[in-house]
Protein chains: 2
Amino acid sequence: MTTTTRPGTTAPNPARRGLRATAKVLPEHARAHNRSLVLGHLFHEGPSSRADIARSTGLTRVTVSDLVAALLGEGLVAELGVRAEGRVGKPATLVGLRSADHHVVTVDLTDDETVHGAVMTLDGEVVTRAHEPSAGTTGPEAVDLVEDVCRRLLDATQQPVVGVGISSPGVIDDAGVVLEAPNRGWFDVPLAARLTDALGLPVHVANDANTRALGEYTFGGADPSTMILTVGQGVGAGLLVDGALVRGRGHAAGEIGHVTVVDDQTAGEDALPCACGRTGCLETVLSAPALRRRVAGLDPQDSDAALASVGRMLGRALAPVVSALNLAEVLLSGPPELLDGPLREAALVTVRSRTMPVIGQDLRLRAATLDEDAALAGAAVLVLSGQLGIT
Amino acid sequence: MTTTTRPGTTAPNPARRGLRATAKVLPEHARAHNRSLVLGHLFHEGPSSRADIARSTGLTRVTVSDLVAALLGEGLVAELGVRAEGRVGKPATLVGLRSADHHVVTVDLTDDETVHGAVMTLDGEVVTRAHEPSAGTTGPEAVDLVEDVCRRLLDATQQPVVGVGISSPGVIDDAGVVLEAPNRGWFDVPLAARLTDALGLPVHVANDANTRALGEYTFGGADPSTMILTVGQGVGAGLLVDGALVRGRGHAAGEIGHVTVVDDQTAGEDALPCACGRTGCLETVLSAPALRRRVAGLDPQDSDAALASVGRMLGRALAPVVSALNLAEVLLSGPPELLDGPLREAALVTVRSRTMPVIGQDLRLRAATLDEDAALAGAAVLVLSGQLGIT
DNA sequence: TCACGTTTGTTAGTAGACCTTCCTTACAAA
DNA sequence: TTTGTAAGGAAGGTCTACTAACAAACGTGA
């Protein structure tokens with residue numbers, strides 16, 4: 001195996017678990033937290049002087065110098081020479097995150113037909129891609145397939161790899177155990193642990209709707225209170241509340257695709273049967289295939305009206321959620337020709353008309369910015385967050 | 001002023017802000033966090049030996065002994081003699097939180113006519129109550145009124161007071177600034193800061209629906225993923241997701257009372273005008289006055305049917321929220337004769353029929369356990385959480 | 001031109017917090 | 001009486017971040 005351990009590979013960051021959960025805090029955890037603060041500043045603000053970082057984090061220059069020295073030793077940051085601008089005082093030495101010199105391996109299992117993977121920089125730029133047909137592969141074979149894709153990507157880069165991030169449909173717990181992913185035939189599969197063992201690298205696994213939300217938040221400029229609706233074969237949602245992912249009691253948060261939106265009382269619509277065994281689910285009208293069927297053969301005007309009627313149904317389902325959570329944004333991810341027009345506009349009008357002004361007026365309902373790579377970018381964020389503490 | 005500083009009054013706990021926000025972590029913050037761990041264990045598990053605490057928190061016995069010694073010095077805990085049970089080894093010395101020897105002053109402003117206040121123990125037991133008519137009192141006078149009630153309660157106890165917790169309707173930010181409370185005529189009033197200055201004690205202020213949620217969580221055994229619907233003059237909701245309060249983008253989370261639930265497409269109902277200027281809001285059918293009007297003069301059978309029809313409307317509004325957040329529980333707080341019967345049952349049936357089984361089957365929809373004191377208990381939790389780190 | 005203030009980054013010393021290791025005390029069971 | 005187990009404390013070591021002081025390097029203004 002060519003990719004056991006690599007120089008610069010960082011150890012798991014104890015701060016992430018230690019500081020938010022109800023667990024003890026040791027000096028080393030505090031250190032890791034402050035280290036993450038430095039990395040986070042460099043990630044979001046770009047190259048800065050040690051003094052800049054000290055002002056931003058509240059730590060002293062001495063402590064920042066110490067932390068930066070450690071990061072220089074790890075190779076995660078580099079000195080970039082003195083700042084050009086002429087100000088009074090000693091010129092600042094700029095320090096920058098070596099984003100392009102460290103890679104993250106990401107895999108997206110959203111597509112049933114193909115496993116998509118990539119080598120990415122810490123900035124979320126794709127360096128190399130991999131595609132592997134996977135139709136019909138299930139159970140342990142599907143795990144092996146994911147492992148193969150990871151290995152191929154690891155072999156494709158000479159840079160240190162910080163970790164592996166995997167974005168998968170299904171119900172997945174905090175530890176990266178896939179509790180239930182019917183498409184792959186996975187039930188209680190400890191995917192993260194298994195791949196960590198096999199690859200010798202930290203592996204993080206999360207639900208694809210959630211990773212998309214993370215990706216839009218970190219790389220797409222989404223608000224900390226955002227819901228991202230992904231429209232593909234089905235309809236899923238990732239939910240970010242006050243900057244944190246919502247997991248919910250059975251780790252099944254975001255399963256909004258099977259909320260009833262069409263029923264007897266809704267005039268002019270027939271409740272269609274859904275794959276879940278019930279009828280009138282949001283998915284029966286909003287999934288990409290359903291939308292395509294709905295507009296097939298219609299002239300543009302009728303097509304717009306048909307999309308708007310779906311938008312109104314979506315709006316009726318969104319209104320209570322937007323109200324209860326006081327969301328700032330709802331993002332639509334999926335075919336723009338279907339979503340980013342009359343459907344979106346009708347949904348927004350409906351939400352506004354069904355919520356009080358303070359809730360609906362400031363709401364933004366827009367297309368997602370990252371498109372098909374959002375899940376990969378979000379998988380990278382899993383690694384950035386888990387290994388480096390960058391959010 | 002008789003209540004400047006009292007022995008045993010604890011300083012603000014830096015761990016609460018320092019460890020969750022994106023701020024530096026100093027050794028003293030780690031210490032405060034671990035101290036909270038000890039207090040939290042004693043609060044939830046009752047009297048324990050130092051060794052028990054060490055096992056539960058993961059800290060060493062040495063460290064726990066040190067922390068307990070500090071807490072003994074502060075008077076927050078006391079040694080309760082040796083454990084009775086005969087086990088091998090040296091008998092354990094039990095240490096317990098002195099819940100009854102420390103008080104919390106709480107105020108609930110939910111009721112427009114009367115300010116309700118209480119002196120409570122750390123266990124949430126009410127020691128003394130205070131009631132002050134407040135109809136028509138607004139603006140600065142209303143602030144003075146709250147201050148007076150606090151002073152009276154502080155004078156009524158000889159025990160050290162850990163802090164003051166206030167539960168108020170309106171939009172309130174993390175710092176205890178009342179951004180908007182029309183009933184009291186408060187706009188951008190820094191209530192917490194003002195009372196902290198006036199009383200010389202730490203004061204915490206939060207929205208009443210949110211404090212109710214906290215109260216039900218800490219003292220009522222509610223699940224960490226719970227929504228509590230309060231039905232009174234209006235309809236409000238507090239939302240707890242994964243154990244944390246949801247505040248939302250304008251701190252207006254939980255404003256579910258003005259979601260449209262009755263509209264042209266809903267058969268057999270007329271959309272009533274709402275105080276918010278729109279029609280068909282949840283509040284127009286679910287508020288206590290609306291429910292009373294609805295059942296007035298009906299025989300029991302018709303009354304049940306009328307309540308069930310409101311339950312169905314509630315269920316339609318809840319279904320998307322429950323789905324999106326994968327909530328474990330929805331609690332109803334308000335007149336049980338109206339809520340805890342056909343209304344609740346119909347709402348649950350409706351939510352279940354409109355969500356996928358994995359979401360709806362495990363959902364509990366039940367009456368809140370704390371009733372009228374929930375807001376006071378929640379205000380106490382604000383203090384416990386803010387000053388002692390107990391959640 | 002040159003002293004002065006400003007800003008950066010480093011060195012040295014200090015205080016806090018937790019750990020490991022070892023010890024004493026106290027009890028139950030053989 | 002002996003042995004094993006558990007609780008609690010004392011001593012010493014390590015880690016972390018802070019304060020204080022200082023050197024280097026650069027504008028600024030007399």
Side-chain angles (χ1 to χ4, degrees), chain A residues 11 13-15 18-19 23-38 41 47-73 77-96, chain B residues 11 13-15 18-19 23-38 41 47-73 77-96:
Chain A
N13 183 341
L19 295 188
K24 63 177 174 179
V25 174
L26 278 69
E28 68 199 88
H29 299 139
R31 176 78 162 180
H33 178 95
N34 291 337
R35 191 187 99 122
S36 292
L37 249 44
V38 172
H41 174 93
S48 320
S49 71
R50 292 168 175 83
D52 290 335
I53 300 170
R55 276 185 292 268
S56 155
T57 58
L59 296 163
T60 62
R61 293 200 307 272
V62 180
T63 304
V64 170
S65 282
D66 196 45
L67 289 165
V68 167
L71 293 170
L72 283 169
V77 306
E79 292 200 333
L80 306 173
V82 295
R83 181 168 2 225
E85 320 155 30
R87 287 189 291 187
V88 287
K90 177 179 171 178
T93 311
L94 289 179
V95 174
Chain B
N13 183 340
L19 295 188
K24 63 177 174 178
V25 174
L26 272 54
E28 67 199 89
H29 299 139
R31 176 77 162 180
H33 177 96
N34 290 337
R35 190 188 99 123
S36 292
L37 248 44
V38 173
H41 173 92
S48 320
S49 71
R50 294 169 174 82
D52 290 335
I53 300 171
R55 276 186 292 268
S56 155
T57 59
L59 296 162
T60 61
R61 292 201 308 272
V62 178
T63 302
V64 171
S65 283
D66 195 45
L67 289 165
V68 167
L71 293 170
L72 284 170
V77 306
E79 291 200 334
L80 306 173
V82 296
R83 192 185 333 245
E85 320 154 28
R87 287 189 290 188
V88 286
K90 177 178 173 179
T93 312
L94 289 179
V95 174

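Protein chains get the first letters and strands the later ones, always in sequence-line order, with residue 1 at the start of each. The model shown is predicted, which means the values in this text are computed figures rather than measured ones.
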[X] [atom1] to [N] [atom2]: how many Å, rounded?
| X | N | atom1 | atom2 | value |
| --- | --- | --- | --- | --- |
| H33(A) | dA17(D) | NE2 | P | 10 Å |
| K90(B) | dA6(D) | NZ | P | 14 Å |
| L72(B) | dG9(D) | CG | P | 9 Å |
| R50(B) | dT25(C) | CZ | P | 17 Å |
| L37(A) | dT16(D) | CG | P | 16 Å |
| R61(A) | dC22(D) | CZ | P | 15 Å |
| R83(A) | dA25(D) | CZ | P | 17 Å |
| I53(A) | dT8(C) | CD1 | C1' | 13 Å |

Below 4.0 angstrom from OP1 or OP2 of [N], is there any side-chain N or O of [X]?
| X | N | result |
| --- | --- | --- |
| T93(A) | dG9(C) | yes |
| S65(B) | dG9(D) | yes |
| R55(A) | dT8(C) | yes |

(message) What I want to find out is whether R50(A) reaches E79(A) closely enough, with some N-O distance under 4.0 Å, to be called a salt bridge.
(response) yes
(message) We want to know whether T63(B) and D66(B) form a side-chain donor-acceptor pair, criterion being a heavy-atom distance below 3.5 angstrom.
(response) no
(request) May I ask you to check whether H41(B) and S48(B) show a side-chain donor-acceptor distance below 3.5 Å? (result) yes
(request) Please name the pair of heavy atoms, one in V25(A) and one in A30(B), separated by the smallest distance, quoted to 0.1 Å. (result) CG1-CB, 3.6 Å
(request) Grab the two heavy atoms, one from P91(B) and one from V82(B), that are nearest each other, plus how far apart they are. (result) CB-CB, 4.3 Å
(request) Starting at the 5' end of nucleotides 13-18 of chain C, put B wherever the base has a protein heavy atom under 4.0 Å, S where only the sugar-phosphate does, and a dash everywhere else. (result) ----SS
(request) Indicate yes or no for a side-chain donor-acceptor contact from K24(A) to the backbone of G58(B) under 3.5 Å, with no hydrogens or angles considered. (result) yes
(request) Say whether, by atom type as modelled, one donor and one acceptor occur between the side chain of T57(B) and the main chain of I53(B) under 3.5 angstrom. (result) yes
